[in-house]
Protein chains: 2
Amino acid sequence: MPATTETLTAERILAATEEVLRRHGPAKATVVDVARALGVSHGSVYRHFRTKAALREAVTKRWLDRTTEVLAAVAADTGLDPEDRVREWFATLFAAKRRKAGLDPELFATYTVLVGESGEVVNDHICDLTGQLTDIVRAGVASGAFTVDDPETTARALFQATGFFHDPGYAKEWERPGVQEEFEAVMDLLVKGLRG
Amino acid sequence: MPATTETLTAERILAATEEVLRRHGPAKATVVDVARALGVSHGSVYRHFRTKAALREAVTKRWLDRTTEVLAAVAADTGLDPEDRVREWFATLFAAKRRKAGLDPELFATYTVLVGESGEVVNDHICDLTGQLTDIVRAGVASGAFTVDDPETTARALFQATGFFHDPGYAKEWERPGVQEEFEAVMDLLVKGLRG
DNA sequence: CAGCTGACAGATATTGAAATCTGTCAGCTG
DNA sequence: CAGCTGACAGATTTCAATATCTGTCAGCTG
């Protein structure tokens, strides 16, 4: 068994946990399952993660961070003027979420449960994202494209106002015909608001 | 027993159901409980409501309609110019929700469960509300205060963009300090967007 | 001796039998 | 005879016994 002879790292445990979550779902995935998948005792898993909750949060963070990275590329794309960058950023966010929810609904539901459990991690993630938005808004203010009092407050407002299109709680609405148009209607309104 | 000698009306059943829901919560409130509260057999309740789900939906509709009425008054208030009316309408909606959630969290949670069950009823309610908003937006376009392509689409966008402040799923966020400022930031952005 | 194991206590989840509920309807009652 | 009752079948929920899981730790192993 080559798998059991490799060093047991946090990384390997996280990968195994993702797989167990994918197979068993959030309600039935246990630490014992993860240990079994790795061919070790569950005590070994506790050497790397203090609690089951910490392990799940680490998996959640990993997952959220993938989205953060994709969006960071858009936020930093100075080839687009600020208005297009805001639109592109949200379009990318919405498309990514909708794609995940549509392609593997069970896995998406699993991560939705994890996100619901991981208050702190999710909060950090939202701060990361509004941080990226703040940068775009600042660029818009600097170029004169946007008229805005406080870029940070406005970034938060943008994020909250688009919740319908990225909050997993609304996932089932994303299948409905017409959502794309609804998304564009909201974006139009918000972008006009940024121009002031 | 004067209560049992009165005619059994849909109205009396609805009132009793509200009371049973308040006392027992959505998970434990049964049709038998409602019948007991009225001093009749549960068969009599089924004479007025075909199923338990229909009874619950009727209670939900009743509850949602109360909000619709309050907002209709604001939507029809031509003493306010359209911009102030939009602001006032959403401020009233947010204040009403936040007040209910804060004053009796258990009852609010009960109704949140009912709302989650009653797809059709909730959809109609949202149509009522966006209808009111459409009227305000139309008035704004007519007076030249707003620049908007399609008032109906824009009304829907306004409603979706403010979901954070009226969707019961976000109720726990409404206690956080700073929400009022967040609400105003979103409203500022949206109203600026309406002006175009 | 660093890292892993496996037995353990208390907490949580599963299971299946018993109780309760939903929805129907034949018949009672005023 | 319009409206209510209460017994009933099948679905769902409750409950308590049983099994599994979480988190710890003394001691084993390479």
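Any value given below was found using the heavy atoms of this structure, including those in side chains, with hydrogens, waters and symmetry copies removed. Note on naming: letters A, B, ... go to the chains in the order of the sequence lines (proteins, then strands), and numbering restarts at 1 for each one.
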Item to check | Flag if over 12 foreign heavy atoms under 6.0 Å of CD, B:Q180 | outcome: yes
- [ ] Flag yes if more than 12 heavy atoms outside A:E152 fall under 6.0 Å of its CD atom; otherwise flag no.
- [x] no
Between CG of B:L55 and P of C:dG23 the distance, given in whole Å, is 10 Å
Letter by letter from the 5' end, nucleotides 6-11 of chain C scores (B base, S sugar-phosphate only, - none; protein heavy atoms under 4.0 Å) BB----
- Item | Within 6.0 angstrom of B:K61 NZ, more than 12 heavy atoms from elsewhere | no
| said: Do A:V113 and A:V31 sit in one hydrophobic cluster, given that two such residues count as connected whenever their side-chain heavy atoms are within less than 4.5 Å of each other, even indirectly? | reply: no
Taking D:dT5, D:dT22, D:dC4 as options, the one with an atom nearest any side-chain atom of A:Y46 is D:dT22
- prompt: Which of parallel (below 30°), tilted (30 to 60°) and perpendicular (above 60°) describes B:Y170 and A:Y170?
  reply: tilted
Do A:E83 and A:R195 make a side-chain contact, defined as non-hydrogen atoms from C-beta onward lying under 4.5 Å apart?
yes
For A:R50, I'd like to know if atom CZ has over 12 heavy atoms of other residues, nucleotides or ligands within 6.0 Å. no
Of all heavy-atom pairs linking B:F49 and B:A58, the shortest is CE2-CB, 3.7 Å
| Is it the case that more than 12 heavy atoms not belonging to A:D104 sit under 6.0 Å from its CG atom? | yes
B:R12 atom CZ is separated from D:dG3 atom P, nearest whole Å, by 15 Å
Here the distance between atom C1' of C:dT22 and atom CZ of B:R36, to the nearest Å, is 14 Å
Checklist entry - Which of parallel (below 30°), tilted (30 to 60°) and perpendicular (above 60°) describes B:W63 and B:Y111? => result parallel
Checking C:dC4, C:dT22, D:dG23 against the side chain of B:K52 (C-beta onward), the nearest is C:dT22
In whole angstroms, the gap separating P of D:dT29 from CG of A:L8 amounts to 19 Å
Rounded to whole Å, CZ of A:F49 lies from P of C:dC4 at a distance of 13 Å
Per the under-4.0 Å heavy-atom filter, residues of residues 18-35 of chain B near DNA chain C come out as B:T30, B:V31, B:V32
Stems for DNA chain D (at least 3 consecutive Watson-Crick or G-U pairs, under 3.5 Å) come to C:1-30 with D:1-30
B:E175/B:R98 ion pair, N-O < 4.0 Å: no
The residue, B:A53 or B:R47, whose nearest nucleotide of DNA chain C is more 5′ is B:A53
Whole-Å distance, B:L38 CG to D:dT5 C1', equals 15 Å
